[in-house]
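Have a look at the structure below before the remarks.
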Protein chains: 2
Amino acid sequence: MLTKKKQLLFQKQAEIAKAIAHPLRIAIVDFLKDGEQCVCDIAEYVGSERSNVSRHLAVMVKAGVLECRKEGLKVIYKLKTPCILDFFSCTAECLKQQLKDTEKLLSAL
Amino acid sequence: MLTKKKQLLFQKQAEIAKAIAHPLRIAIVDFLKDGEQCVCDIAEYVGSERSNVSRHLAVMVKAGVLECRKEGLKVIYKLKTPCILDFFSCTAECLKQQLKDTEKLLSAL
DNA sequence: TCATTATGTGAGTACATAATCACATAGTCA
DNA sequence: TGACTATGTGATTATGTACTCACATAATGA
(Lines give C-alpha, C1' and ligand atoms only; values in the text may rest on other atoms or scores of the structure.)
Protein backbone atom coordinates (compact mmCIF):
# COMPACT_ATOMS: atom_id res chain seq x y z
CA MET A 1 0.00 0.00 0.00
CA LEU A 2 1.09 3.56 -0.76
CA THR A 3 2.66 5.53 2.11
CA LYS A 4 1.63 9.14 2.76
CA LYS A 5 5.22 10.18 2.07
CA LYS A 6 5.21 8.53 -1.34
CA GLN A 7 1.82 10.00 -2.19
CA LEU A 8 3.20 13.46 -1.56
CA LEU A 9 6.28 12.76 -3.66
CA PHE A 10 4.17 11.44 -6.55
CA GLN A 11 2.00 14.55 -6.27
CA LYS A 12 5.06 16.77 -6.68
CA GLN A 13 6.41 14.69 -9.54
CA ALA A 14 3.07 14.84 -11.32
CA GLU A 15 3.14 18.63 -11.05
CA ILE A 16 6.49 18.73 -12.82
CA ALA A 17 5.26 16.34 -15.50
CA LYS A 18 2.09 18.42 -15.95
CA ALA A 19 4.22 21.52 -16.35
CA ILE A 20 5.68 20.15 -19.57
CA ALA A 21 2.69 18.11 -20.75
CA HIS A 22 1.55 20.52 -23.44
CA PRO A 23 2.78 20.94 -27.03
CA LEU A 24 3.37 24.66 -26.58
CA ARG A 25 5.34 24.14 -23.39
CA ILE A 26 7.44 21.41 -24.97
CA ALA A 27 8.16 23.85 -27.79
CA ILE A 28 9.24 26.45 -25.25
CA VAL A 29 11.57 24.03 -23.46
CA ASP A 30 13.03 23.01 -26.80
CA PHE A 31 13.52 26.66 -27.76
CA LEU A 32 15.31 27.37 -24.47
CA LYS A 33 17.71 24.45 -24.72
CA ASP A 34 20.19 26.64 -26.63
CA GLY A 35 19.97 29.56 -24.21
CA GLU A 36 17.74 32.05 -22.44
CA GLN A 37 15.07 34.09 -24.26
CA CYS A 38 12.59 36.88 -23.56
CA VAL A 39 8.81 36.40 -23.64
CA CYS A 40 8.34 38.26 -26.90
CA ASP A 41 10.84 36.08 -28.77
CA ILE A 42 9.37 32.92 -27.25
CA ALA A 43 5.85 34.03 -28.23
CA GLU A 44 6.97 34.73 -31.78
CA TYR A 45 8.73 31.37 -32.03
CA VAL A 46 5.82 29.29 -30.81
CA GLY A 47 3.29 31.45 -32.68
CA SER A 48 0.86 32.20 -29.86
CA GLU A 49 -0.47 35.26 -28.01
CA ARG A 50 1.91 36.80 -25.50
CA SER A 51 -0.60 36.64 -22.68
CA ASN A 52 -1.06 32.95 -23.31
CA VAL A 53 2.69 32.32 -23.46
CA SER A 54 3.12 34.33 -20.28
CA ARG A 55 0.71 32.04 -18.49
CA HIS A 56 2.45 28.90 -19.75
CA LEU A 57 5.79 30.29 -18.61
CA ALA A 58 4.36 31.01 -15.15
CA VAL A 59 3.22 27.41 -14.84
CA MET A 60 6.69 26.12 -15.64
CA VAL A 61 8.35 28.55 -13.25
CA LYS A 62 5.99 27.47 -10.48
CA ALA A 63 6.88 23.83 -11.13
CA GLY A 64 10.61 24.63 -10.99
CA VAL A 65 11.31 23.82 -14.61
CA LEU A 66 12.17 27.39 -15.64
CA GLU A 67 13.53 30.47 -13.91
CA CYS A 68 13.43 34.10 -14.96
CA ARG A 69 15.02 37.48 -14.33
CA LYS A 70 14.16 41.02 -15.34
CA GLU A 71 16.38 42.93 -17.72
CA GLY A 72 15.03 46.38 -18.40
CA LEU A 73 11.63 46.01 -19.99
CA LYS A 74 12.15 42.38 -20.80
CA VAL A 75 11.81 39.27 -18.72
CA ILE A 76 14.31 36.59 -19.63
CA TYR A 77 13.45 32.92 -19.14
CA LYS A 78 15.79 29.95 -19.05
CA LEU A 79 15.82 26.27 -18.12
CA LYS A 80 16.36 25.79 -14.42
CA THR A 81 16.86 22.04 -14.55
CA PRO A 82 18.26 21.10 -17.95
CA CYS A 83 17.85 17.39 -17.09
CA ILE A 84 14.31 17.95 -18.31
CA LEU A 85 15.82 17.62 -21.78
CA ASP A 86 16.59 13.96 -21.04
CA PHE A 87 12.87 13.41 -21.12
CA PHE A 88 12.96 14.26 -24.81
CA SER A 89 15.30 11.39 -25.62
CA CYS A 90 12.95 9.05 -23.78
CA THR A 91 9.93 10.24 -25.74
CA ALA A 92 11.98 9.70 -28.88
CA GLU A 93 12.52 6.11 -27.80
CA CYS A 94 8.78 5.70 -27.12
CA LEU A 95 7.95 6.98 -30.58
CA LYS A 96 10.54 4.73 -32.26
CA GLN A 97 9.06 1.79 -30.41
CA GLN A 98 5.59 2.71 -31.65
CA LEU A 99 6.91 2.86 -35.19
CA LYS A 100 8.41 -0.62 -34.83
CA ASP A 101 5.07 -1.96 -33.59
CA THR A 102 3.27 -0.48 -36.58
CA GLU A 103 5.86 -1.96 -38.96
CA LYS A 104 5.39 -5.38 -37.38
CA LEU A 105 1.65 -5.12 -37.88
CA LEU A 106 2.03 -4.11 -41.52
CA SER A 107 4.50 -6.88 -42.30
CA ALA A 108 1.93 -9.39 -41.07
CA LEU A 109 -0.51 -8.43 -43.81
CA MET B 1 9.27 29.98 -36.31
CA LEU B 2 8.01 26.49 -35.56
CA THR B 3 7.94 24.03 -38.48
CA LYS B 4 4.90 21.79 -39.03
CA LYS B 5 7.15 18.77 -38.48
CA LYS B 6 8.29 20.03 -35.09
CA GLN B 7 4.73 20.91 -34.08
CA LEU B 8 3.69 17.32 -34.73
CA LEU B 9 6.65 15.98 -32.78
CA PHE B 10 5.90 18.25 -29.82
CA GLN B 11 2.29 17.11 -29.95
CA LYS B 12 3.37 13.48 -29.65
CA GLN B 13 5.83 14.26 -26.88
CA ALA B 14 3.19 16.14 -24.95
CA GLU B 15 0.90 13.11 -25.19
CA ILE B 16 3.57 10.95 -23.56
CA ALA B 17 4.17 13.55 -20.84
CA LYS B 18 0.42 13.84 -20.23
CA ALA B 19 0.22 10.07 -19.88
CA ILE B 20 2.35 10.21 -16.74
CA ALA B 21 1.29 13.64 -15.47
CA HIS B 22 -0.98 12.38 -12.70
CA PRO B 23 -0.09 11.25 -9.15
CA LEU B 24 -1.90 7.95 -9.56
CA ARG B 25 -0.17 7.22 -12.85
CA ILE B 26 3.24 8.10 -11.40
CA ALA B 27 2.45 5.66 -8.58
CA ILE B 28 1.61 2.97 -11.14
CA VAL B 29 4.85 3.51 -13.07
CA ASP B 30 6.78 3.40 -9.80
CA PHE B 31 5.00 0.17 -8.83
CA LEU B 32 5.84 -1.42 -12.19
CA LYS B 33 9.53 -0.55 -12.10
CA ASP B 34 10.25 -3.83 -10.27
CA GLY B 35 8.17 -5.98 -12.62
CA GLU B 36 4.81 -6.58 -14.25
CA GLN B 37 1.56 -6.61 -12.26
CA CYS B 38 -2.14 -7.31 -12.80
CA VAL B 39 -4.84 -4.64 -12.57
CA CYS B 40 -6.19 -5.89 -9.25
CA ASP B 41 -2.80 -5.69 -7.54
CA ILE B 42 -2.12 -2.27 -9.03
CA ALA B 43 -5.53 -1.04 -7.86
CA GLU B 44 -4.91 -2.33 -4.36
CA TYR B 45 -1.46 -0.71 -4.24
CA VAL B 46 -2.58 2.72 -5.38
CA GLY B 47 -5.80 2.50 -3.35
CA SER B 48 -8.31 3.43 -6.05
CA GLU B 49 -11.29 1.82 -7.79
CA ARG B 50 -10.45 -0.80 -10.37
CA SER B 51 -12.49 0.88 -13.07
CA ASN B 52 -10.58 4.09 -12.49
CA VAL B 53 -7.22 2.33 -12.51
CA SER B 54 -8.25 0.50 -15.67
CA ARG B 55 -8.85 3.82 -17.39
CA HIS B 56 -5.51 5.23 -16.27
CA LEU B 57 -3.76 2.12 -17.53
CA ALA B 58 -5.49 2.46 -20.90
CA VAL B 59 -4.23 6.03 -21.23
CA MET B 60 -0.65 4.94 -20.62
CA VAL B 61 -0.91 2.02 -23.04
CA LYS B 62 -2.27 4.36 -25.71
CA ALA B 63 0.68 6.71 -25.17
CA GLY B 64 3.14 3.82 -25.48
CA VAL B 65 4.36 3.98 -21.90
CA LEU B 66 2.93 0.60 -20.86
CA GLU B 67 2.05 -2.64 -22.59
CA CYS B 68 -0.19 -5.48 -21.48
CA ARG B 69 -1.00 -9.12 -22.14
CA LYS B 70 -3.79 -11.41 -21.02
CA GLU B 71 -3.06 -14.31 -18.73
CA GLY B 72 -6.21 -16.25 -17.95
CA LEU B 73 -8.62 -13.93 -16.22
CA LYS B 74 -5.95 -11.37 -15.46
CA VAL B 75 -4.43 -8.63 -17.57
CA ILE B 76 -0.78 -8.06 -16.81
CA TYR B 77 0.74 -4.62 -17.33
CA LYS B 78 4.40 -3.69 -17.56
CA LEU B 79 6.61 -0.77 -18.55
CA LYS B 80 7.17 -0.67 -22.30
CA THR B 81 9.86 2.01 -22.27
CA PRO B 82 11.70 1.85 -18.94
CA CYS B 83 13.58 5.03 -19.84
CA ILE B 84 10.48 6.72 -18.45
CA LEU B 85 12.06 6.04 -15.05
CA ASP B 86 14.85 8.50 -15.91
CA PHE B 87 12.23 11.20 -15.64
CA PHE B 88 11.96 10.39 -11.95
CA SER B 89 15.61 11.23 -11.29
CA CYS B 90 15.10 14.54 -13.04
CA THR B 91 12.07 15.40 -10.93
CA ALA B 92 14.17 14.53 -7.89
CA GLU B 93 16.72 17.08 -9.08
CA CYS B 94 13.99 19.68 -9.58
CA LEU B 95 12.71 19.11 -6.06
CA LYS B 96 16.22 19.30 -4.55
CA GLN B 97 16.76 22.56 -6.38
CA GLN B 98 13.51 23.94 -4.96
CA LEU B 99 14.63 22.94 -1.49
CA LYS B 100 17.93 24.78 -1.97
CA ASP B 101 16.05 27.91 -3.07
CA THR B 102 13.88 27.81 0.02
CA GLU B 103 16.94 27.36 2.25
CA LYS B 104 18.57 30.37 0.62
CA LEU B 105 15.48 32.46 1.29
CA LEU B 106 15.34 31.38 4.93
CA SER B 107 19.03 32.05 5.54
CA ALA B 108 18.47 35.64 4.36
CA LEU B 109 16.07 36.31 7.23
C1' DT C 1 5.03 64.12 -17.90
C1' DC C 2 3.49 61.41 -21.82
C1' DA C 3 3.87 57.89 -25.19
C1' DT C 4 5.73 53.51 -26.00
C1' DT C 5 6.98 48.81 -25.22
C1' DA C 6 7.07 44.31 -22.65
C1' DT C 7 4.81 41.67 -19.57
C1' DG C 8 1.27 40.01 -16.46
C1' DT C 9 -3.62 39.36 -14.83
C1' DG C 10 -9.01 39.17 -14.27
C1' DA C 11 -13.07 37.39 -16.36
C1' DG C 12 -15.47 34.64 -19.43
C1' DT C 13 -15.99 30.70 -22.49
C1' DA C 14 -15.01 26.32 -24.35
C1' DC C 15 -13.11 22.11 -23.78
C1' DA C 16 -10.66 18.16 -21.49
C1' DT C 17 -10.06 15.11 -17.71
C1' DA C 18 -10.97 12.33 -13.48
C1' DA C 19 -13.89 9.82 -10.59
C1' DT C 20 -17.96 7.21 -9.69
C1' DC C 21 -21.72 4.03 -10.39
C1' DA C 22 -23.99 0.61 -12.85
C1' DC C 23 -23.53 -2.60 -16.18
C1' DA C 24 -21.19 -5.47 -20.00
C1' DT C 25 -17.74 -8.70 -21.38
C1' DA C 26 -14.64 -12.55 -21.11
C1' DG C 27 -12.34 -16.30 -19.00
C1' DT C 28 -12.42 -20.12 -15.34
C1' DC C 29 -14.08 -23.98 -13.04
C1' DA C 30 -17.51 -26.86 -10.65
C1' DT D 1 -24.70 -24.56 -18.13
C1' DG D 2 -24.33 -21.34 -14.30
C1' DA D 3 -21.83 -18.99 -10.66
C1' DC D 4 -17.75 -16.46 -10.01
C1' DT D 5 -13.82 -13.40 -10.83
C1' DA D 6 -11.10 -9.85 -13.35
C1' DT D 7 -11.41 -6.28 -16.35
C1' DG D 8 -13.34 -2.75 -19.33
C1' DT D 9 -16.91 0.73 -20.76
C1' DG D 10 -21.11 4.10 -21.03
C1' DA D 11 -23.14 7.90 -18.77
C1' DT D 12 -22.94 11.36 -15.53
C1' DT D 13 -21.00 14.88 -12.65
C1' DA D 14 -17.45 17.72 -10.86
C1' DT D 15 -13.28 19.84 -11.59
C1' DG D 16 -9.36 21.64 -14.02
C1' DT D 17 -7.11 23.83 -18.00
C1' DA D 18 -6.30 26.64 -22.26
C1' DC D 19 -7.35 30.46 -24.80
C1' DT D 20 -8.93 35.14 -25.78
C1' DC D 21 -9.93 39.88 -24.89
C1' DA D 22 -9.53 43.89 -22.38
C1' DC D 23 -7.07 46.12 -19.10
C1' DA D 24 -3.23 46.88 -15.41
C1' DT D 25 1.54 47.37 -14.32
C1' DA D 26 6.32 48.55 -14.91
C1' DA D 27 10.38 50.25 -17.25
C1' DT D 28 12.23 53.31 -20.83
C1' DG D 29 13.29 57.49 -23.19
C1' DA D 30 11.82 61.75 -25.65
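Below, each value reflects all heavy atoms present in this structure, side chains not excepted, and no hydrogens, waters or symmetry copies.
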**Message:** Test of understanding: clusters of I, L, V, M, F, W, Y form through side-chain heavy atoms closer than 4.5 Å, transitively. Do A:V59 and A:V65 belong to the same one?
**Reply:** no
**Length of the line joining A:R25:CZ and D:dC19:C1', which is rounded to integer Å** = 12 Å
**Message:** Check this for me: does any side-chain nitrogen of one of B:K33 and B:D30 sit under 4.0 Å from a carboxylate oxygen of the other?
**Reply:** yes
**Complete:** In whole angstroms, the gap separating C1' of D:dT15 from NE2 of B:H22 amounts to 11 Å
**Item:** Short N-O contact, B:R69 and B:E71, less than 4.0 angstrom
**Value:** yes
**Item:** Pairwise 5' ranking along DNA chain C for B:V59 and B:E49, keeping only the more 5' one
**Value:** B:V59
**Request:** Test side chain to side chain contact (heavy atoms under 4.5 Å, CB included) on B:L85 and B:L79 and set out the steps.
**Result:** CA-CA 9 Å; B:L85 293 168; B:L79 296 181; 3.9 Å; yes
**Asked** A:S51 has a side chain; which of C:dA18, D:dC21, C:dT28 sits nearest to it?
**Response** D:dC21
**Asked** If you find the nucleotide of DNA chain D closest to B:V53 and the one closest to A:L24, which residue's nucleotide is nearer the 5' end?
**Response** B:V53
**Prompt:** NZ of B:K18 versus C1' of C:dT17: gap in Å, rounded?
**Reply:** 9 Å
**Request:** Take atom NE2 of B:H56 and atom P of C:dA16, then tell me their distance rounded to the nearest Å.
**Result:** 18 Å
**Prompt:** Which nucleotide in the list C:dG27, D:dT17, C:dC21 gets nearest to the side chain of B:R55?
**Reply:** C:dC21
**Request:** State whether A:K70 places a side-chain N or O below 4.0 Å from either non-bridging phosphate oxygen (OP1 or OP2) of C:dA6.
**Result:** no
**Item:** Value in whole Å for how far the C1' atom of C:dT5 lies from CD of A:E44
**Value:** 15 Å
**Prompt:** Is B:D101 salt-bridged to A:K80, going by a charged N under 4.0 Å from an acidic O?
**Reply:** yes
**Of the listed nucleotides D:dA26, D:dT7, D:dT17, the one nearest the side chain of B:S54** = D:dT7
**Fill in**
Taken to the nearest whole Å, CE/A:M60 to P/C:dT7 is 15 Å
**Message:** On the nucleotide C:dT28, are OP1 or OP2 found under 4.0 Å from the side-chain N or O atoms that B:K74 carries?
**Reply:** no
**D:dA6 OP1/OP2 closer than 4.0 Å to side-chain N/O of B:Y77** = no
**Prompt:** Rounded to the Å, how far apart are A:L57 CG and C:dT9 C1'?
**Reply:** 14 Å
**Complete:** With the side chain defined as heavy atoms from C-beta on, B:N52 is closest, among C:dA19, D:dT7, D:dT20, to C:dA19
